[in-house]
Every structure is written in structure tokens, then in C-alpha cells.
Amino acid sequence: MTPLEQRSVLITGVGPDLGRSIALASARAGADVVLAARSGDRLEKIAEEVTALGRRAVPVAADITNPDDAERIVATGIDAFGRIDTVVHNAFAMPAMTPLADTSLEKIKTAFDVNVLAVIRLTRLLTPSLAQSPDGGSVVMVNSSVLRHSRVGFAGYKMAKSALLSLAQSLASELGPSGIRVNSVAPGWIWGSSLQWYFGYLAEQRGVTRDEVYAETADLTDLKRLPEPDQIADAVVFLASSLARAVTGQCLDVNCGEFHH
């Protein structure tokens, strides 16, 4: 299936795991892509992978918290493809994983700058183009299952992601009359390189194997496994596409059943 045929998708926070998977899944679904992240070398490699799938890719090394960079990302994408039909807000900054009493307010502010304020800025800049999309533009926010729990140390992260969810719901109401849909995906654990490293670290600390740490964690899910980046990306493509043309203001949990919502 090519549910994103003749569409262009702008993706922020394009890294080696989920960002890359979203880019490649969008290309396989028929879209041309604008790839935005701070690391230019990484973007070039992912752009080559997109091109190998027969789609066009435009890499833009930029900091989305910088207003001039945000404008450059949008202008570059529109110059290349004529319009942007979908934006996937995947960039994020993790605040210190400490109780709020011990967390620097400056670090919390930095997380909000990336996770929330930069998203508002970029969506504003893209709204005229999204509104011109023939089948209706779409916005997909990558959120987190941190929305579903209140574990100690996650407060700063939950605050930022909760604000992002509220933003998505408000934008769905504001942009809906222009034919623009706004939705979120909330992954739990993502079995990519970062989590694989972390589970390896935990295994070493505990004197067990990484597979044992994985099994213990996966046992908390209904499906007894952890979602992989490509599986999260499939949910993003669904929400971006006309298959979800009657879906807006929603948050789709993609966690193999770790939490129910």
C-alpha cells in the first residue's frame, strides 16, 4: 500500500532509531520527505536510504528551537516539494530524570523549549501549506507512555509530554476547520539501539543477561514483547494518511499492551 502517495512529509528529530524508521516508513508509503535534525552527517545517510526506496529526500541540519532555523526548514521543504502535507514532530529533549525537588528549572525549561514551544512555532509556520493539501494536511506528535504513569524521576518528562498532548488536542480543534488533522502516538519502551544499550547496562549491573532484562520488562505487556521502531513508525504513517481521515484529536498508545487507555 502507498497511503502517502504524492504527499510530502516533514520529520523532525531524525535520529538512528525512531526518526529514521518514520522517514523510511513514509517513503515506503509513497511520500517524499524533509529530514530535520541537528546532525547533518546522520541526515545525509538516511536521505540516501530514502532515495534508494525511490523517493526524494531533503536533509536540513537545523535546531528547531531557533526561529531562523525553523523558518529555513519550512522554506527548504516547500521549495523542494511545493508544499508540506504532513509534519511529524519527533524531536525531543529529556529533562533530568530526578525528583522535581532536585531538578534544575533551567533543564525543565529546555525540555519545554524543544518538546512544546518549538512544536508550536513549526506548526504555525507550516499551517498555510498544510491547509493547501488536497486531501487535508496532518500533524502527528510523538508523545510517550509517560502520560500513563507517575513514577518518581519522570516528573519533568511527564510535564513536557502532557503539555504536548494538550497542545495536540487544542490544535486539532483550532486547525480542524482548515481540514488539518492533529493526532499523537504514545510509545512505551522502544526496542532500538538506545534501549538495547540501556538494558545491557542494567544487565551488567545486576549480573544477568540482557535477554533476561528484556524478558522481565516484556512480561509487563500483554503481547510479551516490546515494540520496535518500525512498528511505531507504522502507527505514525497510519495517522498521517487518509486511512485516518476521520481521526483527529486522538492519542494512539503503541506499547504492546503495557498500559491500556
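From Glu258, atom CD reaches atom CG of Leu223 across 11.5 Å, with rounding to the nearest 0.5 Å. Atoms CZ and CZ, on Arg56 and Phe81 in that order, are 5.0 Å from each other to the nearest 0.5 Å. Of the inter-residue distances, the one linking Phe154 atom CZ with His149 atom NE2 reads 5.0 Å to the nearest 0.5 angstrom. To the nearest 0.5 Å, the span separating CG on Leu252 from CD1 on Ile232 amounts to 9.0 Å. We find the OG-CG distance between Ser193 and Asp17 to be 3.5 Å, quoted to the nearest 0.5 Å. For the atom pair Met94 CE and Tyr157 OH, the distance stands at 4.5 Å (nearest 0.5 Å).
Residues Ser138 and Leu130 share a closest heavy-atom pair of O-CD2, 4.0 Å. Considering every non-hydrogen atom in both Lys158 and Ser150, the closest pair reads NZ-OG, 2.8 Å. In terms of heavy-atom proximity, Pro67 sits nearest to Thr65 at CD-O, 3.5 Å. Contact record, Ala155 with Leu100: CB-CG, 3.4 Å, taken as the closest heavy-atom pair. Contact between Val116 and Ala163 at its shortest, heavy atoms only, is CG2-CB, 3.8 Å.
Remark: Ala131 engages Ser178, Ile180 in a side-chain contact (heavy atoms from CB on, under 4.5 Å) (not counting sequence neighbours). The side-chain contact (heavy atoms from CB on, under 4.5 Å) check on Asn66 picks up Asp63, Asp68, Asp69, with sequence neighbours excluded. By the side-chain contact (heavy atoms from CB on, under 4.5 Å) test, Glu49 pairs with Arg20, Leu24, Ile46, sequence neighbours left out. By the salt bridge (Lys or Arg N to Asp or Glu O under 4.0 Å) test, Arg245 is found to be paired with no residue, residues two or more places apart in sequence or in another chain being considered. With sequence neighbours left out, Gln250 forms a side-chain contact (heavy atoms from CB on, under 4.5 Å) with Asn183, Val247. For Glu212, there are no salt bridge (Lys or Arg N to Asp or Glu O under 4.0 Å) partners at least two apart in sequence or on another chain.
The number of heavy-atom neighbours closer than 6.0 Å to NZ of Lys45, taken from other residues, nucleotides and ligands shown, is 12 or below. The local environment of CG in Asp102 is crowded, with over 12 non-hydrogen atoms from other residues, nucleotides or ligands closer than 6.0 Å. At most 12 heavy atoms of other shown residues, nucleotides or ligands fall within 6.0 angstrom of atom CZ in Arg38. Residue Gln196 qualifies as enclosed at atom CD: its count of foreign heavy atoms under 6.0 Å is above 12.
Residue pairs meeting the salt bridge (Lys or Arg N to Asp or Glu O under 4.0 Å) criterion with at least one member in residues 137-149, sequence neighbours excluded, are Arg148-Asp253. Applying the salt bridge (Lys or Arg N to Asp or Glu O under 4.0 Å) test to residues at least two apart or on different chains, the pairs with a partner in residues 73-84 are Arg83-Asp85.
Hydrophobic clustering, with ILVMFWY side chains joined whenever heavy atoms are under 4.5 angstrom apart, groups Val60 together with Val87. Both Val119 and Val74 sit in one connected hydrophobic cluster of ILVMFWY residues. Membership requires side-chain heavy atoms under 4.5 Å apart, directly or through other members. Note: the hydrophobic cluster containing Leu4 also contains Leu35 (ILVMFWY, side chain heavy atoms under 4.5 Å, direct or indirect links). Phe259 and Ile190 sit in two unconnected hydrophobic clusters of ILVMFWY residues. Membership requires side-chain heavy atoms under 4.5 Å apart, directly or through other members.
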Let me have the donor-acceptor pairs involving side chains of residues 166-177, under 3.5 Å, with sequence neighbours excluded, atom names and distances please.
residue	atom	partner	partner atom	Å
Ser166	OG	Ser162	O	3.3
Ser170	OG	Ser166	O	3.1

Residues 106-113, side-chain donor-acceptor partners within the protein, below 3.5 Å, at least two apart:
residue	atom	partner	partner atom	Å
Lys109	NZ	Asp113	OD2	3.3
Thr110	OG1	Glu106	O	3.1

In a table with atom names and distances, give each donor-acceptor pair under 3.5 Å that connects a side chain of residues 234-242 to protein atoms at least two apart or in another chain.
residue	atom	partner	partner atom	Å
Ser241	OG	Val237	O	3.4
Ser241	OG	Phe238	O	2.9
Ser241	OG	Leu243	N	3.1

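In the hydrophobic clustering (ILVMFWY side chains linked at under 4.5 Å, chained through shared members), Trp189 is joined by Trp191, Leu195, Trp197, Tyr198, Phe199, Tyr201, Leu202, Val208, Val213, Tyr214, Leu226.
Looking only at atom types and distance, the side chain of Asp230 has a donor-acceptor partner in the side chain of Ser21 under 3.5 Å away. Thr123 and His89 are linked by a side-chain donor-acceptor pair at a separation below 3.5 angstrom, with hydrogens and angles left out of the test. Asn255 and Ser145 share no side-chain donor-acceptor pair at under 3.5 Å.
No donor-acceptor distance shorter than 3.5 angstrom exists from the side chain of Glu5 to the backbone of Thr2, with no hydrogens or angles considered. Asn90 places no side-chain N or O within 3.5 Å of a backbone atom of Ile11 that could act as its donor or acceptor partner. Thr221 places no side-chain N or O within 3.5 Å of a backbone atom of Gly257 that could act as its donor or acceptor partner. Using modelled atom types, one side-chain atom of Asn115 and one backbone atom of Ala93 make a donor-acceptor pair closer than 3.5 Å. The closest donor-acceptor contact from the side chain of Thr12 to the backbone of Ala91 lies under 3.5 Å. Looking only at distances, no side-chain donor or acceptor of Arg181 sits under 3.5 Å from a matching main-chain atom of Gly137. Looking only at distances, a side-chain donor or acceptor of Lys224 sits under 3.5 Å from a matching main-chain atom of Asp219.
Residues Leu164 and Ser184 have side chains not in contact (no heavy-atom distance under 4.5 Å, counting atoms from C-beta outward). No side-chain heavy atom of Val33 sits less than 4.5 Å from a side-chain heavy atom of Leu10. Within the 4.5 Å cutoff, the side chain of Ile22 has heavy atoms near those of the Ser26 side chain. Within the 4.5 Å cutoff, side-chain heavy atoms of Ile84 are placed close to those of Ile78. Contact check for Arg28 versus Leu53: side-chain heavy atoms found under the 4.5 Å cut-off.
Under the side-chain contact (heavy atoms from CB on, under 4.5 Å) test applied with Ile73, the options Leu125, Val58, Ile64 reduce to a single match, Ile64.
Classification of Arg206 and Glu216 as a salt-bridged pair holds, one side-chain N sitting under 4.0 Å from a carboxylate O.
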- Item | Criterion side chain to side chain donor-acceptor pair (under 3.5 Å) on Ser8 and Asp32, from CA distance to verdict | CA-CA 5 Å; Ser8 56; Asp32 297 319; over 6 Å; no
